[in-house]
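These notes concern the structure reproduced below.
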Amino acid sequence: MNKEYCQGLIFAILLLFVNAKITAQEKEETVKASDVYLSVEIAASFPGGTFAMVQFIQDKFKIPPKAVRKKSKGTIVLNFTVEKDGSLADIYLFNDLGYGINEELERVLKLSPRWIPASINGKSVAQMRQIPIRIDATQRDAFITVL
């Protein structure tokens with residue numbers, strides 16, 4: 001099996017476990033301060049919305065020169081928790097393209113301003129978020145796309 005297939009399989013299994021926890025959480029009447037949710041009434045959001053987030057990532061991200069020389073191409077999924085105060089935690093990048101790309105994406109994410117936290121029943125809660133990022137350094141003008 002190739003590396004991408006194995007990573008995809010692991011990711012799918014992880015989502016099944018997280019989804020099972022969410023189903024159990026939805027049955028509870030109260031919102032616990034320590035829980036991290038995937039499914040919420042109002043999702044956590046970047047200040048200014050999706051367009052502002054895309055613009056922020058595109059403005060701050062610098063494709064490492066070695067990634068350009070090696071013509072790196074692929075999709076990385078940013079996984080992180082937006083805490084109930086809007087800060088980001090538990091940053092994990094799925095699918096390492098190498099050549100410093102993941103480190104650069106993590107650096108940019110850490111520069112992010114505080115997000116608007118998710119809420120359930122009017123209370124701020126922590127939410128796990130995922131953002132797929134497409135990197136293409138195969139052309140003369142390398143680019144990044146937030147999917």
Side-chain angles (χ1 to χ4, degrees), residues 1-64 67-68 72-138 141-147:
M1 286 189 267
N2 69 27
K3 184 178 176 183
E4 289 180 357
Y5 176 78
C6 289
Q7 287 176 335
L9 184 60
I10 291 169
F11 185 66
I13 291 169
L14 176 65
L15 282 179
L16 286 173
F17 283 111
V18 171
N19 196 24
K21 182 178 180 184
I22 290 169
T23 302
Q25 288 172 346
E26 289 174 347
K27 292 179 182 176
E28 294 179 12
E29 293 292 323
T30 60
V31 176
K32 295 180 182 175
S34 63
D35 286 339
V36 177
Y37 296 84
L38 277 176
S39 178
V40 294
E41 289 176 356
I42 300 174
S45 60
F46 189 87
T50 303
F51 180 78
M53 178 194 63
V54 170
Q55 195 66 48
F56 176 84
I57 293 171
Q58 288 177 336
D59 288 348
K60 302 293 183 190
F61 183 80
K62 306 294 181 222
I63 294 181
V68 174
S72 295
K73 182 178 181 178
T75 301
I76 298 172
V77 179
L78 301 175
N79 297 285
F80 56 94
T81 300
V82 179
E83 298 290 353
K84 63 183 189 176
D85 67 355
S87 63
L88 303 184
D90 305 323
I91 298 170
Y92 173 77
L93 284 75
F94 182 73
N95 192 21
D96 189 353
L97 297 180
Y99 311 114
I101 292 173
N102 281 30
E103 293 79 5
E104 176 63 4
L105 278 171
E106 186 171 343
R107 180 192 72 80
V108 169
L109 195 57
K110 287 179 178 178
L111 290 174
S112 170
R114 286 191 185 266
W115 287 48
I116 300 164
S119 66
I120 297 176
N121 297 329
K123 292 186 177 183
S124 293
V125 295
Q127 181 188 20
M128 182 186 294
R129 292 297 310 260
Q130 298 177 332
I131 302 171
I133 305 285
R134 178 90 177 130
I135 306 289
D136 188 346
T138 60
D141 296 323
F143 65 90
I144 178 171
T145 306
V146 180
L147 304 174

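Nothing fancy with the numbering, it's 1 onward along the sequence.
Remark: I120 CD1 to E41 CD distance equals 6.5 Å, nearest 0.5 Å. Between S124 atom OG and E83 atom CD the span is 11.5 Å, to the nearest 0.5 Å. One distance of note links CG of D59 with CG of L111; it measures 12.0 Å at 0.5 Å rounding. To the nearest 0.5 Å, the span separating CE on M53 from CG on L109 amounts to 10.0 Å. From T81, atom OG1 reaches atom CG of L88 across 9.0 Å, with rounding to the nearest 0.5 Å. In this structure, the separation between CZ on F80 and OG on S87 is 11.5 Å, given to the nearest 0.5 Å.
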V125 vs V40, side-chain contact (heavy atoms from CB on, under 4.5 Å): CA-CA, chis, key distance, verdict: CA-CA 8 Å; V125 295; V40 294; 4.0 Å; yes
After noting the C-alpha distance and the side-chain angles of R107 and E103, does the key distance pass the salt bridge (Lys or Arg N to Asp or Glu O under 4.0 Å) rule? CA-CA 6 Å; R107 180 192 72 80; E103 293 79 5; over 6 Å; no
Would E106 and L93 count as a side-chain contact (heavy atoms from CB on, under 4.5 Å) if you check the C-alpha gap in whole Å, the side-chain angles of each, and the deciding distance to 0.1 Å? CA-CA 8 Å; E106 186 171 343; L93 284 75; 4.1 Å; yes
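No side-chain donor-acceptor contact under 3.5 Å links R129 to the backbone of N79. With hydrogens and angles ignored, the 3.5 Å screen pairs a side-chain donor or acceptor of D96 with a backbone N or O of G98. Under the 3.5 Å distance criterion, the side-chain polar atoms of N95 are matched with a main-chain donor or acceptor of T75.
Two residues are said to be in side-chain contact when any heavy atoms from C-beta on lie closer than 4.5 Å; E104 and F61 meet this criterion. Taking 4.5 Å as the limit, some side-chain heavy atom of I76 sits within range of a side-chain heavy atom of L105. Residues K84 and Q127 fail the side-chain proximity criterion, which asks for heavy atoms closer than 4.5 Å. You'll find the side chain of P64 reaches within 4.5 Å of the side chain of I101, heavy atoms only. In this structure, the side chains of K110 and I91 come closer than 4.5 Å at one or more pairs of heavy atoms. Annotation: side chain of Y99 is not in contact with side chain of V68 (no heavy-atom distance under 4.5 Å).
Pairing each heavy atom of I63 with each of A67, the nearest pair is CG2-CB, 3.9 Å. The shortest heavy-atom contact between P47 and P113 is CG-CG, 4.1 Å.
Under the 6.0 Å cut-off for aromatic ring centres, F46 and F56 qualify, their centroids lying closer than that.
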